Amino acid sequence: MNFIHKNENEKFSDTKTQVSELNNEANFENEKILEAIIFASSEPLSINDLKKSCPFIEDIDVSINNLMAFYSNRAVNLVKIKNTYAFRTSPYYSIHINQKVEKKVKLSKAAKETLAVIAYHQPVTRTEIEDIRGVSLHKGLIDTLLESNWVSIGKRRNTPGMPVTYITTNYFLDYFGLTTVKDLPNFKEMIEAGFSADVKVEEIES
Amino acid sequence: MNFIHKNENEKFSDTKTQVSELNNEANFENEKILEAIIFASSEPLSINDLKKSCPFIEDIDVSINNLMAFYSNRAVNLVKIKNTYAFRTSPYYSIHINQKVEKKVKLSKAAKETLAVIAYHQPVTRTEIEDIRGVSLHKGLIDTLLESNWVSIGKRRNTPGMPVTYITTNYFLDYFGLTTVKDLPNFKEMIEAGFSADVKVEEIES
Amino acid sequence: MVNANPINNEFIVDLKGFDGPLELLLSLAQKQKVDLKEISITELVDQYLFFLKTASKLKLELAAEYLMMASFLTYLKSRILLPKDLFEEELSSSELEQNLAFKLKRLSEIKNSTEELFMKPKLGVDFFERGFFEENNKKVIKKLDSSLIEILRAFAKINSKKIFSPLKFIRESIFKIDDAVNIVMNFIFKSKNWILIQEIIPKDWKNNKIKIRSAMATTFAASLELAKSGDCLLEQNSAFTDLKIKGNDFRVKK
């Protein structure tokens, strides 16, 4: 009796281990499929993109999170840019990479400030930008920011005249290594001081 | 004596552990530096290239081998091509990677203008497009735009001949980061934002 | 004292260094106190005006924005110094003061954050995407690509073309004055009744808007000319009502 019982127990625990091992293996496999897909893509991919490529993976978020954790202590990290994912080298190792820096953009002080105003106050109208900076916008400045692909056009403001608004792009987040605009330096402080409205952020994030 | 001896022994083994830990850490760090460099490089790198970038790593071969081993059971592998090294997705996972590589082709001037006219004046007929642009539409231009999925066919215009109209698609909005075409700035707003400052001069001169 | 010169002598006037009057004010305020909450607005106004005075002595060109800010600040200072009941219906001076202080603080925060933002690691400078993508054994598909700015520029270009295109007359749609005189003369001799002026216009000039407009204008001008010489009579009861024409019987008989 005792013997049989023991044996059954063993059997049971064996099956259990096998099932969980199988699960683990399947999960690991999913993780690797995502790894290959994201690695091979030249653009950051959204969860939707990934779902299209792998309809068979049920909880993509879990696999993605595992993958992010796996790469977190490496020199190549899996980063989240708004709702998209991409591999980027860790800034910590930048000194060793002597890439030709082609993309280094020389922006005027006014352009940098205007970009920051758009980032912190988005969606923001031209008039609001001028009000915040206390100076009228130089011709061609918004043009430059649109061209650099950091800035795009948002919804029209529902006020008289329905003015055009400006917002930052995913590329802006990617460029500065941010996951969301909430990661901007001093973002919380700026909102708490009433310098930009919290409601707007939810609008952007949605 | 015995006590002291023991103590010395302990000390010794401690130092030994520390040294080997330090070594391990340094090795791990070297491995990661190589990881970042190879990942970011625009071409496969030889041992010599890597030595130039990291003269401080003594046994690059060992680090490279460790790195290859680390990635060997992943979907991304460090592979040796002739005498150079590069990261590649593992062939085993290539079935999941969209085999199509999209090569981006810039729009012609005529295509850009036609797309802009459709975006701003939709639904718009072929004749209207020609009227607005002041030139006749090249054969195949609309077809190209239809193929790009930015443009689709709208309702027929209820005028003699019942001409087909063209409209922009949701994909167009998505691609250009817009919520609705109404968000596009009108001509006056463009002038205000300094968009066409250079255009004017060019047009007057021509 | 308000009149005391608040600016030390080392102060160098350089308007080009400032992006507008608000930035100038901010820099003056920051010289005053570390904490922007404790700046004295009246003192700031004096500093600003003094700055502008120095600038104009140096014959630096002042943008309109600087002068507008100066007039606002002068107004604000007078409001702060004068008894409150003089300005019952307007915003209180403390509200105006608070508003200015808020704007200065907001600008200062943006400036700090801009610096911090650009200190962050940047893609392609401090961290990198994958260096290259293999294209082996893959179907290369051409895909159209453009950007919003390109579409906007294209649209702006079409519009500017229209605005700046040379004025062009569409000759065939212009009703010549000589023709109009002949037609009106013809009519005057034939008919002795009042008739609407548009009925004189030949049928083939009534089939499009541009032609009608041109024919109307020319016929009217011709009939005015003939009325002046006494060949016809014109009648209109009030502005924008029907305009009638009739041959002058007396003249016709003659």
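Note that this is a predicted model, so its numbers are computed, not measured. Convention: sequence-line order gives letters A, B, ...; per-chain numbering from 1.
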When the 4.5 angstrom heavy-atom criterion is applied to Leu137(A) and chain B, the contacting part is neither

Distance, nearest 0.5 Å, that separates CD1 of Ile95(A) from OG of Ser53(B): 12.0 Å

Residue part contacting chain A, namely of Leu34(B), when any heavy atom lies under 4.5 Å: neither

Do Phe28(A) and Asn73(B) pass the side-chain contact (heavy atoms from CB on, under 4.5 Å) test, and can you show the C-alpha distance, the side-chain angles, and the key distance before you say yes or no? CA-CA 10 Å; Phe28(A) 185 44; Asn73(B) 73 332; 3.9 Å; yes

Minimum heavy-atom separation for Ala40(A) and Thr89(B), please, with both atom names. CB-CG2, 4.0 Å

For the pair Phe39(B) and Phe39(A), evaluate side-chain contact (heavy atoms from CB on, under 4.5 Å) and give the outcome as yes or no after the intermediate values. CA-CA 10 Å; Phe39(B) 176 86; Phe39(A) 189 81; 3.5 Å; yes

Chain B shares the most heavy-atom pairs under 4.5 Å, among Ser41(A), Ser136(A), Gly154(A), with Gly154(A)

If you measure from CD on Glu35(B) to OG on Ser90(A), what distance do you get to the nearest 0.5 Å? 9.5 Å

Measuring centre to centre across the rings, with the benzene-like ring taken for any Trp, is Phe70(A) within less than 6.0 Å of Phe70(B)? yes

Leu67(A) versus chain B, the contacting section by heavy-atom distance below 4.5 Å: side chain

Check the surroundings of atom OH in Tyr92(A): do more than 12 heavy atoms from other residues, nucleotides or ligands lie under 6.0 Å from it? no

Over 12 foreign heavy atoms within 6.0 Å of CG, Asp59(B): yes

Measure the CD1-NE2 distance between Ile37(A) and His96(B) for me, rounded to the nearest 0.5 Å. 7.0 Å

Between Glu130(A) and chain B, which part of the residue has a heavy atom less than 4.5 Å away: side chain, backbone, both or neither? neither

Does a sphere of radius 6.0 Å around NZ in Lys106(B) hold more than 12 heavy atoms from other residues, nucleotides or ligands, not counting ones at 6.0 Å or beyond? yes

To the closest 0.5 Å, what do you measure between OG1 (Thr179(B)) and CD1 (Ile167(A))? 6.5 Å

Interatomic distance, Glu189(B) atom CD to Arg126(A) atom CZ [nearest 0.5 angstrom]: 10.0 Å

Is a salt bridge present between Arg74(B) and Glu29(A), judged by a nitrogen-to-oxygen distance below 4.0 Å? no

Counting heavy-atom pairs under 4.5 Å to chain A, which of Asp183(B), Thr180(B), Ile33(B) comes out on top? Asp183(B)

Can you name the nearest heavy-atom pair linking Ser152(A) to Phe176(B), along with the distance? OG-O, 4.1 Å

Met190(B) CE to Asp143(A) CG distance, which is reported to the nearest 0.5 Å: 10.5 Å

Hey, mind stepping through Ile153(A) and Leu178(B) against side-chain contact (heavy atoms from CB on, under 4.5 Å) and telling me if it holds? CA-CA 7 Å; Ile153(A) 287 161; Leu178(B) 299 163; 4.3 Å; yes

